[in-house]
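Side chains are part of it too, since the values below use all heavy atoms of this structure and drop only hydrogens, waters and symmetry mates. Note that the coordinates shown come from a computational prediction; the quantities given were computed from them, not determined experimentally.
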Amino acid sequence: MKAIVATDYGPPESYALTDLPIPQPGPSQIQVRIAAASVNPGDIVIPSGVYKAQAPLTFPHVPGNDFAGTVSAVGPGVTAYRVGDEVFGHAVPRALRAMAGLNPSMTTGALAEYAVFEAGTSFIAPRPPGLSKIDAAALPTVGLTARALMATAEPRADETALVIGATGGVGTTLLPLLSQAGVTVTATGHPADEPLLRKLGAHTVIGYDDDYPTGRDLGLNLVLPTDRLRKAAAAIRPGGRLFTITFPPPRPDMIDRTDLRFELVLDLDGRFGGMAEVAALTPTVSATYPLRDAVQALTDFARDHTVGKLVITV
């Protein structure tokens, strides 16, 4: 099969499209003929070597977490799926098993023509007929994250929120949920992104380097390292909430405040639902690439300002 591989630690420009043996499913696993897969930060960060002490990779490494496709084989003990079933979901590369949650679906890597996944997890589900393969591949990680943010932050009608990094995959999935909840949102983005962000639910769009409005009830950081959130914290009213999906894990001394609820939101265990719930969300897909151009897609994601999700069709 054709697959995108990293042959050593390095940047996405060093990845290559190559031939690999088709992975075969073992007990409680399914093999999926991949139709589409989307790009996520982990596809760049993990092969870069940043976490090689915690989770060393075995090369060649096939990246790719989010996918949509057709079940092409089932392993012993699998009863929930049959060959021909349309599925989508989220999985974690096997090399990251030690960093995964309690009930993960591990994968051989979704940026390939075929991949193997653990079947018994809420992170994989049948693809509803009304959900396209492109959207299904775009949704899993950003949908899980957006739902976890909403469940943890519990935004209420008439509250004000600051969303930092609203143009990414999580932000463009989260904004409609905040709007539906009646929250008045100030979002950060490029000037060219303003029409889209307003359409998705932002009331005000400001530049990344602009001063933040003060007195916000809620802050949602989707992009900045957690130790660079003093400016964001200053925008939150006393007793407000500041949530982040980035690392390092937050500590009060990072923001020089102890009066805020300051937390990392990370749902590795599906506490807030799985793919069945994510399927109801709508992603923003800004570009699609064929598998032969996947290295370019990963490079664009790493080097350029991209909006929403990049999806690779297989």
Hey, does the side chain of [X] reach the backbone of [Y] with a donor-acceptor pair shorter than 3.5 angstrom?
X      : Y      : result
Arg261 : Gly239 : no
Thr70  : Arg33  : no
Arg241 : Ala153 : yes
Ser179 : Leu175 : no
Asp300 : Asp304 : no
Arg257 : Ala233 : yes

| Mind checking what makes salt bridge (Lys or Arg N to Asp or Glu O under 4.0 Å) contact with Glu113, not counting sequence neighbours? |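 With sequence neighbours excluded, Glu113 shows a salt bridge (Lys or Arg N to Asp or Glu O under 4.0 Å) to no residue whatsoever.
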
| request: Under the salt bridge (Lys or Arg N to Asp or Glu O under 4.0 Å) rule, collect the residues that match up with Arg292, sequence neighbours excluded. | output: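 For Arg292, no residue satisfies salt bridge (Lys or Arg N to Asp or Glu O under 4.0 Å) once neighbours in sequence are set aside.
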
| field | Modelled atom types, side-chain donor and acceptor of His90 and Asp66, under 3.5 Å | value | yes

| message | Atom NZ of residue position Lys231 - does it have more than 12 heavy atoms of other residues, nucleotides or ligands inside 6.0 Å? | response |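 Yes, enclosed.
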
| request: Return yes when atom CG of Asp19 has more than 12 non-hydrogen atoms of other residues, nucleotides or ligands closer than 6.0 Å, and no otherwise. | output: yes

| task | Could you label the plane-to-plane angle of the Phe117 and Phe67 rings as parallel, tilted or perpendicular, counting under 30° as parallel and over 60° as perpendicular? | result | parallel

| request: Dump the intermediate steps for side chain to side chain donor-acceptor pair (under 3.5 Å) on Ser72 and Gln31, then the final yes or no. | output: CA-CA 6 Å; Ser72 46; Gln31 179 197 76; 2.7 Å; yes

Nearest non-hydrogen partners of [X] and [Y], listed with the distance:
X      : Y      : value
Pro249 : Met254 : O-CE, 3.2 Å
Val314 : Leu291 : CG1-CD2, 4.1 Å
Pro155 : Leu218 : CB-CD2, 4.1 Å

List the atom pairs, donor and acceptor, that lie under 3.5 Å between side-chain atoms in residues 160-168 and the rest of the protein, sequence neighbours left out.
unit_1: Thr160; atom_1: OG1; unit_2: Asp217; atom_2: N; d: 3.2
unit_1: Thr160; atom_1: OG1; unit_2: Asp217; atom_2: OD2; d: 3.1
unit_1: Thr167; atom_1: OG1; unit_2: Tyr208; atom_2: OH; d: 3.1

| field | salt bridge (Lys or Arg N to Asp or Glu O under 4.0 Å) between Glu13 and Arg303, intermediate numbers included | value | CA-CA 10 Å; Glu13 290 90 342; Arg303 309 297 174 215; 2.8 Å; yes

